[in-house]
S.K.: 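Just dropping this structure here.
A, B, ... follow the sequence lines: proteins, then strands. Residue 1 opens every chain.
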Protein chains: 2
Amino acid sequence: MNSHDTHPGGPDLAALAALLADATRAGFCLALLDGRAWTAIELARHAGVAASTATGHLNRLVGSGLLTQERQGRHRYVRLADPDTAELIEKLASMAPRRADPPRSLPAVNRSRALARARTCYDHLAGALGVAITEAMTDRGMLDWEQGLALTGDGTAWLAELGIALPPATRRPPVRSCLDWTERRPHLAGAVGAALCRHAFDAGWITRIGTSRAVALTDAGKHALTDRLGPAAVET
Amino acid sequence: MNSHDTHPGGPDLAALAALLADATRAGFCLALLDGRAWTAIELARHAGVAASTATGHLNRLVGSGLLTQERQGRHRYVRLADPDTAELIEKLASMAPRRADPPRSLPAVNRSRALARARTCYDHLAGALGVAITEAMTDRGMLDWEQGLALTGDGTAWLAELGIALPPATRRPPVRSCLDWTERRPHLAGAVGAALCRHAFDAGWITRIGTSRAVALTDAGKHALTDRLGPAAVET
DNA sequence: GCGATCCTTCGGCCGCTGCCGAAGCGTCCG
DNA sequence: CGGACGCTTCGGCAGCGGCCGAAGGATCGC
């Protein structure tokens with residue numbers, strides 16, 4: 001008996017894990033966790049590898065269904081295939097050991113601070129801001145953590161006031177908890193988390209900082225969140 | 001810039017994934033997903049590798065915190081470190097591609113059937129039985145899937161009747177959904193799922209089939225479940 | 001004590017896979 | 001049209017990591 005014929009028909013865990021077991025491919029996936037589409041060369045530069053190397057990795061990731069691609073002219077855009085994939089990568093990231101040396105240079109420190117303050121995590125909000133919003137919603141009785149995370153009637157009403165309708169029931173859970181890398185506390189994910197994040201962009205509460213995944217809270221956003229969730233939601 | 005110094009301080013996804021990216025180590029983890037402790041040599045035989053090879057793999061898995069070990073005399077018992085780890089492996093398994101060839105030999109077919117009918121999945125019930133129980137509980141209003149999975153008042157009362165108190169609030173969610181490999185539908189996991197499974201063993205509703213992770217529903221179990229959840233819960 | 005069993009360490013083999021650079025193709029823009 | 005740019009294919013190199021068997025230590029049962 002060889003490991004190859006153990007449990008035929010069962011899940012090939014090793015094949016899936018191997019896709020993420022390479023530092024370059026893992027770096028791609030973590031970068032793509034911002035929910036946006038990246039071009040091949042952007043990812044290559046981000047990871048510090050040659051374009052030809054990136055091509056090979058992207059072929060594997062797309063071929064296995066972890067990423068989807070879209071060709072536009074001479075560009076190859078890739079993104080995470082679906083929220084399920086994002087959730088898998090989040091879970092791995094939350095359990096993975098930290099990398100060694102903390103950043104030293106001043107710009108690097110600033111970049112880290114901005115990311116810790118507020119960023120997108122796939123399609124929802126993370127960082128101190130994401131956690132603060134989640135906790136403020138909990139304090140105001142919009143989220144119930146007692147028997148698994150659930151949105152209360154108050155929560156539904158609050159969303160409706162913002163003009164956010166409950167997303168139609170699909171396989172994706174409306175609310176889900178996602179462990180924050182920097183805060184080590186949960187923030188709101190799932191379909192509602194995504195809708196809330198989209199609303200925050202649309203309403204001008206937050207804007208991207210340059211082209212990074214970090215976001216900045218605007219003055220309008222500060223006012224809106226203080227009005228609707230109290231001052232604790234913006235104390236980052 | 002090299003992938004090694006990208007995002008220092010961030011999660012080292014590749015390191016964690018690499019632990020599961022080997023067929024032998026992945027086989028160990030899937031076997032341990034039955035929630036029991038295995039000896040080194042049991043795992044080695046299960047995966048079809050030499051004892052010395054297994055030692056090396058176990059050292060890595062234990063050293064990285066995925067498994068915990070207990071020495072008893074000449075035996076080395078290992079088990080999954082915690083429910084969080086089990087959840088990670090479940091998630092990977094549910095998204096991984098299936099292995100190629102379906103089993104052929106008659107005993108292999110019987111083994112597969114038994115596993116598909118009812119088995120333990122870490123510390124809760126899976127297979128057709130696990131799914132049927134979960135769906136019966138849903139039909140009777142004990143579980144609410146509307147806003148994330150939650151246990152209702154009826155559910156709490158039903159558990160109390162069985163003598164199962166709600167587990168004290170810890171970081172582990174009371175109810176959680178776990179995607180079933182064979183059924184491709186969710187079954188009940190989390191602290192309540194674990195307590196229910198333990199009760200089923202204690203009350204003699206189910207027993208292990210030999211030393212495998214498959215379980216058999218006893219006559220007493222059939223009666224008890226029909227009484228408490230209706231006939232649908234035992235129609236596998 | 002003695003053999004059987006479980007586990008561990010060590011050395012050596014081998015195959016997989018990630019990396020790059022060079023060359024070439026298609027697309028975009030001036 | 002021509003140059004710049006994004007991407008791809010190919011060949012070759014190098015290192016990591018999994019595998020085994022042999023030998024040895026520890027424990028158990030007789």
S.K.: Closer than 3.5 angstrom, by distance alone: can the side chain of B:Glu42 be matched with the main-chain N or O of B:Thr39 as a donor-acceptor pair?
M.R.: yes
S.K.: C:dT5 C1' sits how many Å from B:Glu42 CD, rounded?
M.R.: 13 Å
S.K.: Which letters describe nucleotides 20-30 of chain D, given B = protein heavy atom under 4.0 Å from base, S = only from sugar-phosphate, - = neither?
M.R.: BB-----BS--
S.K.: Establish, with yes or no, whether the OP1 or OP2 oxygen of C:dC7 is under 4.0 angstrom from a side-chain nitrogen or oxygen of B:Arg45.
M.R.: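 No, no such contact exists.
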S.K.: Please confirm whether the backbone N or O of B:Leu115 pairs with a side-chain atom of B:Arg119, one donor and one acceptor, at under 3.5 Å?
M.R.: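 Yes, B:Arg119 side chain to B:Leu115 backbone: donor-acceptor pair under 3.5 Å.
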S.K.: Tell me the interatomic distance from B:Asp22, atom CG, to D:dC16, atom P, rounded to whole angstroms.
M.R.: 17 Å
S.K.: Could you check whether A:Arg99 pairs with B:Asp12 (Lys NZ or Arg NE/NH1/NH2 to Asp/Glu carboxylate O, under 4.0 Å)?
M.R.: yes
S.K.: Choose from D:dC7, C:dC7, D:dT9 the nucleotide whose nearest atom is closest to any side-chain atom of B:His75.
M.R.: C:dC7
S.K.: Reckon A:Thr55 has a side-chain N or O less than 4.0 Å from the OP1 or OP2 of D:dT9?
M.R.: no
S.K.: Side chains of B:Arg184 and B:Ser94: is there a donor and an acceptor less than 3.5 Å apart?
M.R.: no
S.K.: Mind grabbing the angle between the end helix axes of the helix from C:dG1-D:dC30 to C:dG30-D:dC1? Five pairs an end, 10° rounding.
M.R.: 30°
S.K.: On the nucleotide D:dC7, are OP1 or OP2 found under 4.0 Å from the side-chain N or O atoms that A:Arg71 carries?
M.R.: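 No, A:Arg71 has no side-chain N/O under 4.0 Å of OP1/OP2 on D:dC7.
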S.K.: A:His124 and A:Ala189: which non-hydrogen atoms are nearest, and at how many Å?
M.R.: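 The answer is CE1-CB, 3.5 Å.
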S.K.: In whole angstrom, give the distance that lies between atom CD1 of B:Ile41 and atom P of C:dC7.
M.R.: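 The distance from CD1 of B:Ile41 to P of C:dC7 comes to 6 Å, rounded to the nearest Å.
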S.K.: Whether the A:Arg208 and A:Thr120 side chains hold a donor-acceptor pair (N or O, under 3.5 Å, no angle test) is what I'd like checked.
M.R.: yes
S.K.: Looking only at the side chains, is there a donor atom on one of A:Arg117 and A:Thr182 sitting less than 3.5 Å from an acceptor on the other?
M.R.: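 No pair is found: no donor N or O on one side chain lies under 3.5 Å from an acceptor on the other.
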S.K.: A:Glu70 vs A:Arg76, test: salt bridge (Lys or Arg N to Asp or Glu O under 4.0 Å). Steps then yes/no.
M.R.: CA-CA 6 Å; A:Glu70 231 168 303; A:Arg76 177 192 205 177; over 6 Å; no
S.K.: Is there a side-chain contact between B:His57 and the phosphate of D:dC19, meaning an N or O under 4.0 Å from OP1 or OP2?
M.R.: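 So the side-chain polar atoms of B:His57 do come within 4.0 Å of the phosphate oxygens OP1 or OP2 of D:dC19, strictly under.
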S.K.: Would you please confirm or rule out a distance under 4.0 Å between OP1 or OP2 of D:dG18 and any side-chain N or O of B:Arg25?
M.R.: yes
S.K.: Considering only residues two or more places apart or on different chains, which pairs with a residue in residues 28-37 of chain B satisfy side-chain hydrogen bond (donor to acceptor under 3.5 Å, both in side chains)?
M.R.: B:Asp34-B:Arg36, B:Asp34-B:Trp38
